[in-house]
Amino acid sequence: MEMLKKRILEEGHALNDQVLLVDSFLNHQVDPVLMQAVGEEFARRFADAGITRVATIESSGIAPAVMTALTMRVPLVIMKKSVSSILKDGILQTEVFSFTKNASYQLTLKSKFVRPGDKVLLIDDFLANGCALLGLIDIVKKSGATLEGAGIVIEKGFQSGGQTIRDMGIHLESLAIIDSIADGKLTFRE
């Protein structure tokens, strides 16, 4: 997606050879026009999958996921990263390790929002090692719904997550895949 790649090159900032900041348009300040285009692209790529739910993890995946759900005209389900005192009955959980925060959290879903018979599309902002996406996949499996695929705004192709997900046979669509970050220079996969 050229519009996205252009923004990454113009506004992205490589902190080192592993970390890319895109907080000016994706996950701190959000460009709604870009996110609308992202949502439309995911909807196009998964148009024949019969999606009934779009799901993401709070909070950085919400912007692209809501635009995808809006375009597809289906509900958006946001998985929670923390256990709430009001979420007691009918919940599904799995543990996820966050490399960014160097901590684990309980990914939580009220089971009534994703049920057997649903066809789920997962959307997230980044894919690196794949822990968050594997957590989402586990919750969808526990719900009895069918996982139709995953859409990622930016994949770090030099880390293992994308290959892990593809090796599982999951339909994975990444809008921009970065093959390397070296000396502040990004190389995209074509």
Q. Which is it for K119 and R53 under the side chain to side chain contact (heavy atoms under 4.5 Å, CB included) test, yes or no, and what are the steps along the way?
A. CA-CA 6 Å; K119 293 184 173 191; R53 297 276 188 279; over 6 Å; no
Q. Less than 4.0 Å between a side-chain N and a carboxylate O, is that true for K6 and E10?
A.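 Counted as a salt bridge, because a side-chain N and a carboxylate O are separated by less than 4.0 Å.
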Q.
Quick test of your reading of the model: are R44 and E40 salt-bridged, counting only N-O distances below 4.0 Å?
A.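 No salt bridge links R44 with E40.
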Verify the neighbour count for atom [atom1] of [X]: are there more than 12 heavy atoms of other residues, nucleotides or ligands below 6.0 Å?
X: N16; atom1: CG; result: yes
X: D183; atom1: CG; result: no
X: K142; atom1: NZ; result: yes

Check whether any side-chain heavy atom of [X] sits under 4.5 Å from a side-chain heavy atom of [Y], and report yes or no.
X: L109; Y: I91; answer: no
X: F126; Y: N27; answer: yes
X: F25; Y: V30; answer: no
X: D31; Y: R7; answer: yes
X: E173; Y: I152; answer: no
X: L20; Y: L186; answer: yes
X: M3; Y: L34; answer: yes
X: H28; Y: V22; answer: no

Q. Considering residues at least two apart in sequence or located in another chain, which fulfil the ring-ring contact (aromatic ring centres under 6.0 Å, His included) criterion with F188?
A.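 Here no residue qualifies.
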**Q.** Partner set under ring-ring contact (aromatic ring centres under 6.0 Å, His included) for Y105, not counting sequence neighbours
**A.**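 Listed in chain order: nothing, the list is empty.
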Do [X] and [Y] sit in one hydrophobic cluster, given that two such residues count as connected whenever their side-chain heavy atoms are within less than 4.5 Å of each other, even indirectly?
X: I137; Y: I51; result: no
X: V153; Y: V33; result: yes
X: L136; Y: V38; result: no
X: M35; Y: V66; result: yes
X: I170; Y: L133; result: yes

About how many Å separate [atom2] of [Y] and [atom1] of [X], when rounded to the nearest 0.5 Å?
X: T71; Y: E41; atom1: OG1; atom2: CD; result: 11.0 Å
X: E148; Y: T52; atom1: CD; atom2: OG1; result: 8.5 Å
X: I78; Y: K110; atom1: CD1; atom2: NZ; result: 13.0 Å
X: D124; Y: E155; atom1: CG; atom2: CD; result: 12.0 Å
X: L127; Y: I178; atom1: CG; atom2: CD1; result: 11.5 Å

Q: Before giving the answer on side chain to side chain contact (heavy atoms under 4.5 Å, CB included), spell out for L26 and I154 the whole-Å C-alpha distance, their side-chain angles and the decisive distance to 0.1 Å.
A: CA-CA 10 Å; L26 180 59; I154 301 171; 4.0 Å; yes
State whether a side-chain donor-acceptor pair under 3.5 Å links [X] with [Y].
X: T187; Y: D179; answer: no
X: E11; Y: S24; answer: yes
X: T108; Y: Q93; answer: yes

Please name the pair of heavy atoms, one in [X] and one in [Y], separated by the smallest distance, quoted to 0.1 Å.
X: P64; Y: T68; value: O-OG1, 2.8 Å
X: S60; Y: D125; value: CB-OD2, 3.0 Å
X: L76; Y: A65; value: CD1-CB, 3.6 Å
X: L70; Y: R73; value: O-NH1, 2.9 Å
X: F97; Y: S104; value: CD1-OG, 3.5 Å
X: H171; Y: R45; value: CE1-O, 4.0 Å

Any donor-acceptor pair under 3.5 Å linking the side chain of [X] with the backbone of [Y]?
X: S111; Y: L92; result: no
X: K81; Y: Q106; result: no
X: S174; Y: A176; result: no
X: T56; Y: I123; result: yes

Q | Derivation of the side chain to side chain contact (heavy atoms under 4.5 Å, CB included) call for L134 and I165 | A | CA-CA 8 Å; L134 289 168; I165 301 304; 3.7 Å; yes
Q: Begin from the C-alpha positions of D138 and T94 and carry the test side chain to side chain donor-acceptor pair (under 3.5 Å) through to its verdict.
A: CA-CA 7 Å; D138 186 48; T94 195; 2.6 Å; yes
Q: Return the set of residues passing side chain to side chain contact (heavy atoms under 4.5 Å, CB included) with A55 (not counting sequence neighbours), or none when no residue passes.
A: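 With sequence neighbours excluded, A55 shows a side chain to side chain contact (heavy atoms under 4.5 Å, CB included) to V77, M79, V120, L122, given in chain and number order.
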Q: Would you sort out whether Q18 and F158 count as a side chain to side chain contact (heavy atoms under 4.5 Å, CB included), showing the intermediate values?
A: CA-CA 9 Å; Q18 299 290 311; F158 55 89; 3.8 Å; yes
